[in-house]
Amino acid sequence: MASQALQSSSTSVTERASAAYTTFVIAVLGTVKFALYLAFSGRYDYFRDELYYIACSHHLSFGYVDQPPLIAVAVWLERMLFGESLHALRLFAALSGIALIALTVLIAREMGGRKLALWLAGISVMAGPIFLSLGYLITMNSFEHVLWAACAYCVVRYINTRNPHYWLWFGLWAGMGLETKYAITVFGVGIVIGLLLTSERKVFLQPWIWLGGAIALLIFLPNLLWNIHYHWPFVELMHNIRASGRDVVLSPLQFLAQQILLAGPVLAPVWLAGILWLMFSHDGGRFRVLGWTFLTVVIVFLVLHGKNYYSMPAYPMAFAAGGVAVERGLARIKVPVIGYAYIVLILVGAAWVAPMLIPVFSIDHYLAYQKKWLFKPPAAEHSHERSPLPQTYSDQFGWEEIVQATAYAYSELTPEERKDCAVFAQDYGSAGAIDFFGPKYGLPKVLSAHQSYYLWGPRNYTGNCMVILADRRERMEELFERVEYITTSAPNPYALEQQLPIYICRGAKFGSLQKLWPSIKKWN
């Protein structure tokens, strides 16, 4: 499809950058992105969610309580091909970041962008704060952004070429998006609204867009059936999260302010110009469906009190349009040099905030830099507020200390006790750490009732002996005859999860662990 993007369309070739120049821009920016990954992705340690994804990759399934299956499949493939080092685990995230740059540049070209537009669009999704962080950790967001951009690219290509087969490609990428993160449904709703509100609505009278929808549904079907079979775990999870007040709820003004912060304050004129160009200009009006899509995404997540980053995958298409809008605006006043000076300003701003998003410094040096030059990013969850570091950094520390303390407690058991003594962790972070680091300390696979660990069950343990992390003593004494405190995991000033008390509990009062299991489910 990328090669097709470099062919002639209804937009005159003389009005946009050449194929060779487009390839050059993508190559330069992609090389910079990959160099950042090579230089910094292995500097700290495994992120909480990465440890969980590794655990999920050992339990491949059509679904998980808190996510569709694609992330686990990706991690499984990385483990099989490259191993479990940090660089190996994060390779696909880096490649997705490069693909996002490429697609954004291609969208800008399809919209009629020349040289400045391509550089401005590509640099925006390389240097914007949220995008800087995408190639550094492997998360669902790493793939989500590029799949939204692939869908947007298909829409633009269809508008330019009137080749209905692009709706089949759209369905493919949308289906993959549904297997990555359910939030792409909001993007899909936005596309439908955009089509209905523009002259493109006639596509609904043709079979191709419906066939694309069928492809998306077919790809999503295994996960849909999985959710039905397990009585919609994700819906229950979202309900529990809202009821618990776990997430920080933003006012509309806070949400919009944090949109500017995450996309980059210096970059705000680019995406704002892009939306205005799409919604109100004659040239941009051809692609107005994407303007309506962007507005729908932002409004829906604002109204539903979504986390501040939920709408970020919509920004690459806005940056692509913004690159074209800024380029044409500067061409009218005949001062294109301002555009290149603006790019320098963007890069300077990116260098300033990069230590907050990429581990450029040691932690001690980072904290000194943050105190002098930066601010702590806004927390998405209340539990993140207690750390002096951004959550993506703090959740890379403290895990091995927890595993070491757990191993010490486990060593207090007799060989006979170990045959039927389970290790139980309260959340998927510490559970994932024990599963990953535990074998070298002689620990068995962990049990937990948190998220998908609950579905993996208590295995064959009776529950008569358990090493339990971080539970309330009163609760444990209700369930066991004897509760013995053993140790507390070592403190780590940078970690969110640290100093966990660890107990050995003996003599189950609850019968069997299989019988107790449904009552301890923890989806939050």
Side-chain angles (χ1 to χ4, degrees), residues 32-52 84-90 93-94 97 127-139 141 248 258 261-262 264-265 309 347-408 427 429-430 432-434 436-437 440-441 470 487-501:
V32 173
K33 184 75 173 180
F34 197 71
L36 291 173
Y37 149 78
L38 290 176
F40 302 119
S41 69
R43 173 155 293 197
Y44 295 160
D45 212 332
Y46 295 87
F47 181 56
R48 171 195 294 268
D49 289 1
E50 291 175 329
L51 294 169
Y52 179 51
E84 295 180 338
S85 71
L86 289 172
H87 276 106
L89 189 66
R90 294 164 178 171
I130 190 70
F131 307 108
L132 264 177
S133 65
L134 285 181
Y136 161 61
L137 300 175
I138 185 164
T139 68
N141 300 333
V248 175
Q258 292 187 21
L261 186 65
L262 289 178
Y309 60 85
L347 294 175
V348 169
W352 172 54
V353 300
M356 185 191 298
L357 307 157
I358 302 173
V360 177
F361 300 136
S362 69
I363 281 295
D364 289 335
H365 286 159
Y366 169 75
L367 284 171
Y369 184 84
Q370 178 179 265
K371 183 177 180 180
K372 184 174 182 180
W373 297 106
L374 290 173
F375 55 92
K376 184 185 173 186
E381 299 177 15
H382 290 293
S383 61
H384 301 162
E385 295 169 343
R386 65 178 184 266
S387 172
L389 296 170
Q391 181 255 340
T392 53
Y393 286 176
S394 58
D395 266 345
Q396 294 180 65
F397 292 94
W399 302 119
E400 200 146 4
E401 289 91 332
I402 291 172
V403 179
Q404 290 168 347
T406 305
Y408 173 78
D427 63 80
S430 51
I434 293 169
F436 185 74
F437 295 110
K440 73 178 180 181
Y441 293 99
T487 188
T488 295
S489 63
N492 187 311
Y494 309 129
L496 269 175
E497 198 161 332
Q498 58 169 306
Q499 295 181 278
L500 304 186

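Positions are given from 1, in the same order as the sequence printed here.
For NE2 of H365, the number of neighbouring non-hydrogen atoms (other residues, nucleotides, ligands) closer than 6.0 Å is 12 at most.
With sequence neighbours excluded, no residue forms a salt bridge (charged side-chain N to carboxylate O under 4.0 Å, His left out) with D49.
Distance check: L389 CG to F397 CZ gives 7.0 Å after rounding to the nearest 0.5 Å. With rounding to the nearest 0.5 angstrom, the OG atom of S430 is 13.0 Å from the CD atom of Q498. One finds the NZ atom of K33 at 5.5 Å from the CG atom of L134 (value rounded to the nearest 0.5 Å). Annotation: the span from N492 atom CG to I402 atom CD1 amounts to 9.0 Å, rounded to 0.5 Å. Separation of atoms OH (Y494) and CG (L367) is listed at 6.0 Å; rounding is to 0.5 Å. Separation of atoms OH (Y44) and CD1 (I358) is listed at 11.0 Å; rounding is to 0.5 Å.
The minimum heavy-atom distance between I138 and R90, with the atom names listed, is N-CG, 4.0 Å. Contact detail for S41 and Y136: the closest heavy-atom pair is CA-CD1, 3.7 Å. The minimum heavy-atom distance between L137 and A93, with the atom names listed, is O-CB, 3.4 Å. When all heavy atoms of P355 and A351 are compared, the closest pair comes out as CD-O, 3.5 Å. Counting all heavy atoms, side chain and backbone alike, A433 lies closest to W399 at CB-CB, 3.7 Å.
Within the 3.5 Å criterion, the main-chain N or O of E401 finds no donor-acceptor partner in the side chain of S489. Under the 3.5 Å distance criterion, the side-chain polar atoms of E50 are left unmatched by any main-chain donor or acceptor of Q396.
Contact of the Q391 side chain with the F47 side chain is registered, since non-hydrogen atoms from C-beta on lie closer than 4.5 Å. Proximity of V403 to F436: side-chain heavy atoms (C-beta onward) are nowhere separated by under 4.5 Å.
Residue F361 is tested with Y393, Y369, Y366 for a ring pair (Phe, Tyr, Trp, His ring centres under 6.0 Å); the sole match is Y369.
Using cut-offs of 30° and 60° for the angle between ring planes, the H87 and Y37 rings count as perpendicular.
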- Message: As a quick check of understanding, evaluate side chain to side chain donor-acceptor pair (under 3.5 Å) for Y46 and E84, giving each step before the final call.
- Response: CA-CA 10 Å; Y46 295 87; E84 295 180 338; over 6 Å; no

